[in-house]
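For reference, the structure is listed below as structure tokens.
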Amino acid sequence: MLVTGGAGFIGSHACVELLDHGYELIVVDNYSNSTPQVFARVERIAGRFVGAVYELDIRDRRALSAVFDRHSVDAVVHFAAHKAASESVRNPVPYYDTNIGGTTSLLRAMDEHDVHHLVFSSTAAVYGDAGHGPLSETTPTRPTTPYAASKHTCEQILTDICHRRPGFTAIALRYFNPTGAHPSGLLGEDPCDTPDNLMPYLAQVAIGRRHRLRVHGDDYPTPDGTAVRDYLHIMDTVEAHRLALDHLTDHPGMHTYNLGFGKGHSVLDVVTAFSTACGTPVPYDIAARRPGDVPELVADTTAVQHAWRWHPTRGLADMCADAWRFQQLNPHGYAGTARRATP
Ligand SMILES: NC(=O)c1ccc[n+]([C@@H]2O[C@H](COP(=O)([O-])OP(=O)(O)OC[C@H]3O[C@@H](n4cnc5c(N)ncnc54)[C@H](O)[C@@H]3O)[C@@H](O)[C@H]2O)c1
Ligand SMILES: O=c1ccn([C@@H]2O[C@H](COP(=O)(O)OP(=O)(O)O[C@H]3O[C@H](CO)[C@H](O)[C@H](O)[C@H]3O)[C@@H](O)[C@H]2O)c(=O)[nH]1
């Protein structure tokens, strides 16, 4: 099993889940938003070596092809991408380059090596501003940022390839808001720069690394005026990936599923839940809306629950408690973690 972006937030938790279920892994990552130190943690939790880990950029076709030459790859879980939607509004080209160019580079290597199975990280952002209420996979897509457009384009490329290559299977998972941390406190969300995502930013304010949270907008058409998202625990998120892999060979073709909890929480709901988890109010100010943000994104998860009998079990309080445990045990993130032993 090849995992791209396996050192990242979702990728590292997915590595634990897949190792726990007996998968042999090959991981590639360029560490643009992660560190190789995470693998020592993954191995400590799983009690197994990760396997082969390569530092490479997925746009480097020669290097990627060499990995496929060296290993027998039966399927790919493709996480590697840039993910900050608001940054993509300011600086779109790297988003198209890495997210689309990286995906086509990967597809080329897969094609050359007769690999026909892919799980792709898509995003709820493809729906854009779709109004109020749960969104199903048939809700029309209207990406509003270059990030969302890049993922939408990848979905279209995969749909086309599945159409033209009988036997090719792609499962696109449209994540809503994966967050939280491994319950051990060893793995969590540790971006290299200032966190763009709400939960790690809140955690860094609570631990004293940052002064105050800025709540981006309180004038949305939502109950308290702050934006509503559908937060999903990272452990529920990666369990769904394992189920996707288990079902990859069931039905060839393109399959698209929403991955969310199915419940909306406002930014202020999350601030309150995190304050409860850490035992003290997290200070915040109301700031301007963030470019590219939409008022509400909540998933209708009927399709994925029906397909794989997947039911998320961990709520917002668990997400906050686990994120806070990770932050407390790792006030400076993974910095200072020992590097992995050579398997
Ligand atoms: N976290 C979320 O809220 C969220 C929501 C929807 C979709 N997604 C998607 O899920 C995937 C994983 O997200 P994440 O939160 O783990 O992000 P992350 O930034 O923590 O992980 C991405 C990993 O990919 C690596 N990477 C980036 N560009 C690369 C390249 N050119 N070559 C090799 N490696 C590269 C990074 O170093 C990082 O380790 C992404 O595709 C993202 O768009 C994330
Ligand atoms: O410091 C912050 C950070 C975030 N927010 C707000 O909190 C909400 C959640 O923001 P995140 O950045 O955590 O998540 P997004 O919904 O903006 O984006 C995430 O989920 C999307 C899909 O829903 C994309 O896929 C994207 O890659 C991923 O980061 C948004 O309303 C945002 O404006 C703040 O108020 N202050």
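Counting convention: from 1, in listed order, for ligands and their atoms alike. Being a predicted model, the structure only gives us computed values, none of them experimental.
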* Counting heavy atoms only, which of Glu189, Arg210, His82, Arg290 is nearest atom 4 (C) of ligand 2? -> Arg290
* To do: Establish, yes or no, whether the cationic atom of Arg174 lies under 6.0 Å from the six-membered ring centre of Tyr257 and within 45° of the ring axis.
  => no
* Asp300-Thr302 side chain donor-acceptor pair, cut-off 3.5 Å -> yes
* Could you check Asn258, Thr139, Thr141 and say which one makes a side-chain hydrogen bond (donor to acceptor under 3.5 Å, both in side chains) with Tyr127? => Asn258
* Per the side chain to side chain contact (heavy atoms under 4.5 Å, CB included) rule, which among Asp285, Ile286, Val270, Leu198 passes with Val215? -> Ile286
Contact table, ligand 1 N/O with protein N/O, distance under 3.5 Å:
{"unit_1": "ligand 1", "atom_1": "15 (O)", "unit_2": "Lys83", "atom_2": "NZ", "d": "2.8"}
{"unit_1": "ligand 1", "atom_1": "16 (O)", "unit_2": "Phe9", "atom_2": "N", "d": "3.3"}
{"unit_1": "ligand 1", "atom_1": "16 (O)", "unit_2": "Ile10", "atom_2": "N", "d": "2.8"}
{"unit_1": "ligand 1", "atom_1": "19 (O)", "unit_2": "Asn33", "atom_2": "ND2", "d": "2.8"}
{"unit_1": "ligand 1", "atom_1": "20 (O)", "unit_2": "Phe9", "atom_2": "N", "d": "2.8"}
{"unit_1": "ligand 1", "atom_1": "26 (N)", "unit_2": "Asn30", "atom_2": "OD1", "d": "3.3"}
{"unit_1": "ligand 1", "atom_1": "31 (N)", "unit_2": "Asp57", "atom_2": "OD1", "d": "2.9"}
{"unit_1": "ligand 1", "atom_1": "32 (N)", "unit_2": "Ile58", "atom_2": "N", "d": "3.0"}
{"unit_1": "ligand 1", "atom_1": "34 (N)", "unit_2": "Asn30", "atom_2": "N", "d": "3.1"}
{"unit_1": "ligand 1", "atom_1": "34 (N)", "unit_2": "Asn30", "atom_2": "OD1", "d": "3.2"}
{"unit_1": "ligand 1", "atom_1": "37 (O)", "unit_2": "Asp29", "atom_2": "OD1", "d": "2.7"}
{"unit_1": "ligand 1", "atom_1": "37 (O)", "unit_2": "Ser32", "atom_2": "N", "d": "3.0"}
{"unit_1": "ligand 1", "atom_1": "37 (O)", "unit_2": "Ser32", "atom_2": "OG", "d": "3.4"}
{"unit_1": "ligand 1", "atom_1": "37 (O)", "unit_2": "Asn33", "atom_2": "N", "d": "3.0"}
{"unit_1": "ligand 1", "atom_1": "37 (O)", "unit_2": "Ser34", "atom_2": "OG", "d": "3.2"}
{"unit_1": "ligand 1", "atom_1": "39 (O)", "unit_2": "Gly8", "atom_2": "N", "d": "3.2"}
{"unit_1": "ligand 1", "atom_1": "39 (O)", "unit_2": "Asp29", "atom_2": "OD1", "d": "3.2"}
{"unit_1": "ligand 1", "atom_1": "39 (O)", "unit_2": "Asp29", "atom_2": "OD2", "d": "2.6"}
{"unit_1": "ligand 1", "atom_1": "39 (O)", "unit_2": "Ser34", "atom_2": "OG", "d": "2.7"}
{"unit_1": "ligand 1", "atom_1": "41 (O)", "unit_2": "Phe79", "atom_2": "O", "d": "2.7"}
{"unit_1": "ligand 1", "atom_1": "41 (O)", "unit_2": "Lys151", "atom_2": "NZ", "d": "2.7"}
{"unit_1": "ligand 1", "atom_1": "43 (O)", "unit_2": "Tyr147", "atom_2": "OH", "d": "2.7"}
{"unit_1": "ligand 1", "atom_1": "43 (O)", "unit_2": "Lys151", "atom_2": "NZ", "d": "3.3"}

* **Those atoms of ligand 2 less than 4.0 Å from some heavy atom in Val267** => 6 (C), 7 (O), 8 (C), 31 (O), 35 (O)
* ligand 2 and Met199, any nitrogen or oxygen pair closer than 3.5 angstrom? -> no
* Please test Asp69 against His113 for side chain to side chain donor-acceptor pair (under 3.5 Å), starting from the C-alpha separation and ending with a verdict. => CA-CA 8 Å; Asp69 287 341; His113 295 82; 2.6 Å; yes
* Distance-only side-chain donor-acceptor flag, Ser122 / Tyr175, under 3.5 Å -> no
* **Ligand-residue contact atoms, ligand 2 with Tyr231, heavy atoms, under 4.0 Å** => 8 (C), 9 (C)
* So which protein heavy atom does atom 3 (C) of ligand 2 come closest to, and at what separation? -> Asp196 O, 3.4 Å
* Residue and atom name of the nearest protein heavy atom (relative to atom 11 (P) of ligand 2), distance in Å to one decimal -> Asn197 ND2, 3.5 Å
* Check whether Ile234 and Leu25 end up in the same hydrophobic cluster, where Ile, Leu, Val, Met, Phe, Trp and Tyr are linked by side-chain heavy atoms less than 4.5 Å apart. => yes
* Number the atoms of ligand 2 from 1 as they appear, then name those within less than 4.0 Å of a heavy atom of Phe176, with their elements. => 20 (O), 22 (C), 23 (O)
* Taking only heavy atoms of Leu213, which atoms of ligand 2 are found under 4.0 Å from at least one of them? -> 1 (O), 2 (C), 36 (N)
* Structure fact -> One finds that the ligand 2 atoms under 4.0 Å from a non-hydrogen atom of Leu297 are 23 (O)
* Salt-bridged, Arg48 to Glu24, with N to O below 4.0 Å? -> yes
* To do: Would you mind listing which atoms of ligand 2 come within a distance below 4.0 Å of any non-hydrogen atom of Lys83?
  => 26 (C), 27 (O), 29 (O)
* Under 3.5 Å: N/O of Tyr175 near N/O of ligand 2 -> no
* **Plane angle bin for Tyr231 and His265 - parallel if under 30°, tilted between 30 and 60°, otherwise perpendicular** => tilted
* Is the gap between the ring centers of His241 and Phe79 under 6.0 Å? -> yes
* Polar contact flag, side-chain donor to acceptor under 3.5 angstrom, Thr256-Glu137 -> no
* Linking I/L/V/M/F/W/Y whenever any side-chain heavy atoms sit under 4.5 Å apart, do Val238 and Val3 land together? -> yes
* Identify the closest protein heavy atom to atom 24 (C) of ligand 2: which residue and atom is it, and at what distance? -> Thr123 OG1, 3.3 Å
* Strictly by modelled atom types, are Thr169 and His116 linked by a side-chain donor-acceptor pair under 3.5 Å? -> no
* **N or O contact, His216 vs ligand 2, cut-off under 3.5 Å** => yes
* Asked: Which protein heavy atom lies closest to atom 31 (O) of ligand 2, and at what distance to 0.1 Å?
  -> Ala227 CB, 3.1 Å
* **Option passing ring pair (Phe, Tyr, Trp, His ring centres under 6.0 Å) with Tyr334 (candidates Phe9, Tyr31, Phe326)** => Phe326
* To do: Give the residue, atom name and distance (to 0.1 Å) of the protein heavy atom nearest atom 18 (O) of ligand 2.
  => Asn177 ND2, 4.1 Å
* Under 4.0 Å to a heavy atom of Asp293 - the qualifying atoms of ligand 2, by number -> 17 (O), 30 (C), 31 (O), 32 (C), 33 (O)
* Structure fact -> Ranked by distance from atom 13 (O) of ligand 2, the top protein heavy atom is Leu198 N, 2.8 Å
* Thr301 versus Leu259: any side-chain heavy-atom pair under 4.5 Å? -> no
* Under 4.0 Å to a heavy atom of Arg214 - the qualifying atoms of ligand 2, by number -> 1 (O), 2 (C), 34 (C), 35 (O), 36 (N)
